[in-house]
Amino acid sequence: MENYHLRIKEFRLQKNLTSEYVAIQMEISVKKYENIEIGIVDLKLSKLDRLVKILGIKKSEIFSLAN
């Protein structure tokens with residue numbers, strides 16, 4: 001579960017979304033979003049809810065073991 005940020009990036013890339021697009025949709029800076037993806041900044045629950053909606057996935061998919 002410690003590498004959930006890597007799963008976030010994987011899902012974003014699978015959906016062909018840019019980090020800029022996701023950041024705008026989440027109403028945060030691109031830098032902050034990039035810091036989430038590299039694990040420097042932890043996601044708040046409210047932002048996680050928004051992120052999974054943007055990515056079209058379930059929360060459990062982010063925290064499940066990689067395939």
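Values in this document were obtained by computation on a predicted structure and should not be read as measured data. Numbers here are sequence positions counted from 1.
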- Query: Which residue pairs satisfy the side chain to side chain donor-acceptor pair (under 3.5 Å) criterion with at least one member in residues 38-47, sequence neighbours excluded?
  - Reply: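 Side chain to side chain donor-acceptor pair (under 3.5 Å) check on residues 38-47 returns Tyr4-Asp42.
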
I need the single residue from Lys31, Lys32, His5 that forms a side-chain contact (heavy atoms from CB on, under 4.5 Å) with Val41. Which is it?
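It is Lys32; the other options fail the test.
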
CG of Asn3 to CD1 of Ile8: how many Å apart, nearest 0.5 Å?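 Separation between the atoms: 11.0 Å.
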
Practice task
Hey, could you give me the CZ/CG distance between Phe63 and Leu48, rounded to the nearest 0.5 Å?
Solution key: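 Those atoms lie 5.0 Å apart.
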
If you take all heavy atoms of [X] and [Y], which pair is closest and at what distance?
X	Y	answer
Ala23	Ser29	CB-O, 3.8 Å
Lys58	Glu61	N-OE2, 2.8 Å
Leu55	Lys15	O-CE, 2.8 Å
Val30	Ser19	CG1-OG, 4.3 Å
Arg12	Leu17	NH1-O, 2.8 Å

Hey, are Glu10 and Arg7 close enough for a salt bridge, meaning a charged N less than 4.0 Å from a carboxylate O?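 Looking at Glu10 and Arg7, the cut-off is met.
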
Side-chain heavy-atom pair [X], [Y] within 4.5 angstrom cut-off:
X	Y	value
Ile38	Lys9	no
Tyr21	Ile54	yes
Met26	Val22	yes
Leu51	Ile57	no
Ile36	Ile28	yes
Glu27	Arg50	yes

message = According to side chain to side chain donor-acceptor pair (under 3.5 Å), who are the partners of Asn35, at least two apart in sequence or on a separate chain?
response =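 Once residues adjacent in sequence are excluded, Asn35 has no partner under the side chain to side chain donor-acceptor pair (under 3.5 Å) criterion.
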
inquiry  = Taking Ile24 as the starting point, is it possible to reach Tyr33 by hopping between hydrophobic residues whose side chains are less than 4.5 Å apart?
reply    =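 Different clusters: Tyr33 never reaches Ile24 through Ile, Leu, Val, Met, Phe, Trp or Tyr contacts under 4.5 Å.
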
